[in-house]
Protein chains: 2
Amino acid sequence: MNELLDYFKKNVSIPAEIENKLNEIIVEKKLVKGEIILADNSLKKEHIFVVSGCLRSFYKTEEGKEYTIQFAIKNWWISDYITLYTNAKSIITIESLTHSKVLILDKNKTDELYKVYPPFEVFQRKNFEKRTATLQKRILGLLTLSAAEKYNQFINDYADFEKIIPNYQIASFLGITPQSLSRIRKEKFKK
Amino acid sequence: MNELLDYFKKNVSIPAEIENKLNEIIVEKKLVKGEIILADNSLKKEHIFVVSGCLRSFYKTEEGKEYTIQFAIKNWWISDYITLYTNAKSIITIESLTHSKVLILDKNKTDELYKVYPPFEVFQRKNFEKRTATLQKRILGLLTLSAAEKYNQFINDYADFEKIIPNYQIASFLGITPQSLSRIRKEKFKK
DNA sequence: GTAATTTATTACCATAGGTTCAGTTTTAAA
DNA sequence: TTTAAAACTGAACCTATGGTAATAAATTAC
């Protein structure tokens, strides 16, 4: 009864003893709206898998400005990849935008799992490949597009998110101010 | 006598038959300065590993503006991750900035290798994890930093590249114009 | 249902960085 | 070595987007 396993099992079968191991590693957690699952300044190394709801990761400056790194819905992973794969302390926060359910996989335990059950390694290698493509696309968008173009791309690529996410957070994802986004929306929707 | 294998072997030993397989998959190629190894509009799916020299991947608009996605030196991978992991045609070009030597791994053959030799899968999963962290950092920089700050970060993080790479390409990596970079450098070095 | 808080919009001004174009220096080619 | 091409710098001007501030709308809390 674990959604990550269901998702995973679409591709491979899981021996009973491995399924037990997986159930031991995977910790289910329910989050309320606004709840923070990973605070900045922490050293916690965890993979987070979204079962339902919507989460976002963001960086907050000393002056209180927020920059959204990622949004994640059903079947997406969200983590602070810098903390996970370097020894740096977390500078980002992960919060739940809605009531949501996530699965948390401790990094060390996951590394063990990779050893005893290679198909999970394959599964994750493929995940990371896809993520790399997504991130490359994001970088290209940030480099090449105007504010309005970035917003249009967002609306296209993240149609499912648009209704859930407040505009000021979309702006912080695109690297523009809420005022700019407002201006853009006015232009866009008057037509 | 293969540098990727040397690099890889630091962590694991390779059975003889697998080493043969690897040598069959891995194609060595020497590039001259300016040579293009992956053209845009192609569907070629390859992993490229840099043995020596320096390469860069970039996107070029119809008007001829270039946006650099990545630079890569010794022991880095460089590819068009969008073409590799989606069915989209390549919109980026990969060129050699210096005389260089690369190893090319065809995607399909590499996928076979993963199957017969799981340690290579582990090796690549870890590579991709690191890459994800690097890309997250880049995105954060693009979102939060001013042109001058981005340049300073670049100088810090890519010290080895700085002497090799022309300024206009650094500018295209940072998402600013060569003129802007010139202005910034003037300020920076007059102090 | 009302008050309090958060989010979104609008307007007006400020500015970082883009554009254009000219001049100079460096690199490559012949 | 000379010439041509590419890269870099500089300055004047322009524009997209940011900053600030005030208002309105929408959510949330009581």
Side-chain angles (χ1 to χ4, degrees), chain A residues 32-36 54 56 58 60-68 71 93 95-99 141-155 161-191, chain B residues 31-36 54 56 58 60-68 71 95-99 141-155 161-191:
Chain A
V32 298
K33 186 172 179 174
E35 188 169 348
I36 284 166
C54 182
R56 83 167 170 136
F58 62 94
K60 192 170 188 168
T61 65
E62 285 151 23
E63 306 93 54
K65 269 191 224 165
E66 289 180 3
Y67 296 91
T68 296
F71 296 110
T93 305
E95 71 166 6
S96 185
L97 300 184
T98 59
H99 285 250
L142 289 173
L143 287 175
T144 61
L145 303 180
S146 70
E149 289 167 334
K150 282 190 273 189
Y151 181 60
N152 288 332
Q153 178 177 290
F154 180 83
I155 296 299
F161 293 70
E162 206 217 328
K163 308 115 200 169
I164 309 170
I165 300 172
N167 285 329
Y168 80 94
Q169 288 181 10
I170 295 179
S172 85
F173 179 81
L174 303 178
I176 62 177
T177 57
Q179 293 88 330
S180 267
L181 181 54
S182 203
R183 185 156 45 191
I184 288 160
R185 286 166 51 80
K186 191 184 172 187
E187 276 304 304
K188 186 179 170 78
F189 296 121
K190 85 175 181 195
K191 284 166 192 167
Chain B
L31 303 168
V32 297
K33 186 173 177 173
E35 188 169 347
I36 284 166
C54 182
R56 83 168 170 135
F58 62 93
K60 192 170 189 167
T61 65
E62 286 151 22
E63 305 93 53
K65 270 191 223 167
E66 287 180 5
Y67 297 90
T68 296
F71 296 110
E95 72 164 5
S96 185
L97 300 184
T98 59
H99 284 250
L142 288 173
L143 287 176
T144 61
L145 304 180
S146 70
E149 289 167 334
K150 282 189 274 189
Y151 181 59
N152 288 331
Q153 178 177 289
F154 180 82
I155 297 299
F161 294 70
E162 206 217 327
K163 309 114 200 171
I164 309 170
I165 301 172
N167 285 328
Y168 81 94
Q169 289 181 11
I170 295 178
S172 86
F173 179 81
L174 302 178
I176 62 178
T177 57
Q179 292 88 331
S180 266
L181 182 54
S182 201
R183 187 154 44 188
I184 287 160
R185 284 165 53 80
K186 190 183 170 185
E187 275 304 305
K188 187 180 170 75
F189 296 120
K190 85 176 179 194
K191 284 167 193 166

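Order of the sequence lines fixes the chain letters, A, B, ..., with proteins taken first and strands second; residue numbering starts at 1 for each chain.
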Would you give the length of the straight line joining atom NE2 of B:H99 to atom SG of B:C54, rounded to the nearest 0.5 angstrom?
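Nearest 0.5 Å value for the NE2-SG distance: 13.5 Å.
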Distance, nearest 0.5 Å, that separates NZ of A:K60 from OG1 of A:T93:
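Result: 7.5 Å between the selected atoms.
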Residue-phosphate contact under 4.0 Å: [X] side-chain N/O, [N] OP1/OP2:
X: A:R185; N: C:dA8; result: no
X: B:K150; N: C:dA16; result: no
X: A:K65; N: D:dG18; result: no
X: B:K33; N: C:dT27; result: no

Over how many whole Å does the gap from [X] atom [atom1] to [N] atom [atom2] extend?
X: A:E187; N: D:dA16; atom1: CD; atom2: C1'; answer: 13 Å
X: A:K186; N: C:dT9; atom1: NZ; atom2: C1'; answer: 8 Å
X: B:E66; N: D:dA6; atom1: CD; atom2: P; answer: 12 Å
X: A:I165; N: C:dT7; atom1: CD1; atom2: C1'; answer: 15 Å
X: B:L145; N: D:dG18; atom1: CG; atom2: C1'; answer: 16 Å
X: A:N167; N: D:dA25; atom1: CG; atom2: P; answer: 16 Å
X: A:Y168; N: D:dA26; atom1: OH; atom2: C1'; answer: 13 Å
X: A:E63; N: D:dG18; atom1: CD; atom2: P; answer: 15 Å

How far apart are the closest heavy atoms of B:S172 and B:E66, and which atoms are they?
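So the two residues come closest at CB-O, 3.3 Å.
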Measure the shortest side-chain to side-chain distance between B:Q169 and B:F71 over non-hydrogen atoms and say whether it is less than 4.5 angstrom.
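Of all side-chain heavy-atom pairs linking B:F71 with B:Q169, at least one is under 4.5 Å.
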A:E95 vs A:I36 side-chain heavy atoms within contact, under 4.5 Å:
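They are in side-chain contact.
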is_close_aromatic(B:F154, B:F173), centroid dist under 6.0 Å
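Centroid separation for B:F154 and B:F173: below 6.0 Å.
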Tell me which residues in residues 169-183 of chain A put a heavy atom below 4.0 Å from DNA chain C, sorted by number, or none.
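Listed by number, they are A:Q179, A:S182.
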Check the side chains of A:S182 and A:R185 for a donor-acceptor pair under 3.5 angstrom, ignoring hydrogens and angles.
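Side-chain D/A pair, A:R185 to A:S182: absent.
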